[in-house]
Amino acid sequence: MEVQLYSGYETRTESPRVAREDLRYWYDGYHTLSSKRIYNPRSVVEALDRNSIQSYWTRTGPYSEISTYIVNDMDDVKKDVALMVAGEAVKVSVEEFAATSMNLNTRNEILSAMVVYGFLDYEEGKVRIPNKELMDELEKTIREREGLGYIHRLAIESERMLRATLQCDTNTAEA
């Protein structure tokens, strides 16, 4: 189906600007129970329809509720999110029932709900951020939510130091 969808895009689009590799980088990264890789179908369709790679993620009710659990650092979830934004996978015991109640009390329940709602990928006992689209969204949440405390401050400071380094601003980098 993926090949047919992309072939149709190339055929009907006058000046295609979306490469298959970009689709993979931005929207792939999820795994089924049988370890088959899958893309975020909604975002792929939007990218092909609009002839543009970007984040088509929509903030849903569950995302707002889950971000509250992260901000309130229920069971040290902030550290896990920071590790995942840094590219690390985090060990977890996924509990499928957790997402149905949204009364999440433990780290496993919160991370499980994030998997069920598609915010994280789960494979071989670990969760991770599946693709660039969601990485950008979680990084944005960290930068915008002062309630994340040291994680927020670390993200802001890292961004400032990166800019200083790229601009060869040794005074800022030394401070």
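Nothing here was measured: the structure is a model prediction, and the numbers come from that model.
Considering Leu138, Leu134, Leu111 in turn, Leu111 is the only one that fulfils the side-chain contact (heavy atoms from CB on, under 4.5 Å) rule with Met84.
Listed by first then second residue, pairs satisfying salt bridge (Lys or Arg N to Asp or Glu O under 4.0 Å) with a partner in residues 28-39 read Asp28-Arg37, not counting sequence neighbours.
The nearest pair of heavy atoms linking Ala47 to Leu23 is CB-CD2, 4.1 Å. Smallest separation of non-hydrogen atoms from Ser93 and Ser112: O-OG, 3.7 Å.
In terms of modelled atom types and a separation under 3.5 Å, the side chain of Arg128 and the main chain of Gly29 share a donor-acceptor contact. Using a distance-only test at 3.5 Å, with no hydrogens or angles considered, a donor-acceptor pair links the side chain of Asp121 to the main chain of His31.
With rounding to the nearest 0.5 Å, the separation of CG in Leu5 from CZ in Arg20 is 9.5 Å. Here the OH atom belonging to Tyr25 is positioned 5.0 Å from the NZ atom belonging to Lys132, to the nearest 0.5 angstrom. From Leu104, atom CG reaches atom OG1 of Thr106 across 7.5 Å, with rounding to the nearest 0.5 Å. Going from atom CG of Asp80 over to atom NZ of Lys91 covers 13.0 Å, rounded to the nearest 0.5 Å. Taken to the nearest 0.5 Å, the CZ atom of Phe119 stands 13.0 Å off from the CD1 atom of Ile110.
Counting heavy atoms from C-beta outward, Ile129 and Val85 have side chains that approach closer than 4.5 Å. Using a 4.5 Å cut-off on side-chain heavy atoms (C-beta onward), Arg107 and Val92 make contact. Between Lys78 and Val81 the shortest side-chain heavy-atom distance does not fall below 4.5 Å.
For Asp49, the side chain to side chain donor-acceptor pair (under 3.5 Å) partners are Arg12, not counting sequence neighbours. Taking the side chain to side chain contact (heavy atoms under 4.5 Å, CB included) definition, one finds that Glu133 meets it with Trp26, Tyr27, Asn40, Ser43, Ser55, Tyr56, Trp57, Asn131, sequence neighbours left out. For Asn51, the side chain to side chain donor-acceptor pair (under 3.5 Å) test picks out Tyr9, with sequence neighbours left out. Ser52 pairs by the side chain to side chain donor-acceptor pair (under 3.5 Å) definition with Gln54, not counting sequence neighbours. Partners of Glu21 by side chain to side chain donor-acceptor pair (under 3.5 Å), not counting sequence neighbours, listed by chain and number: Arg24.
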Would you sort out whether Asn108 and Val94 count as a side-chain contact (heavy atoms from CB on, under 4.5 Å), showing the intermediate values? CA-CA 6 Å; Asn108 281 344; Val94 169; over 6 Å; no
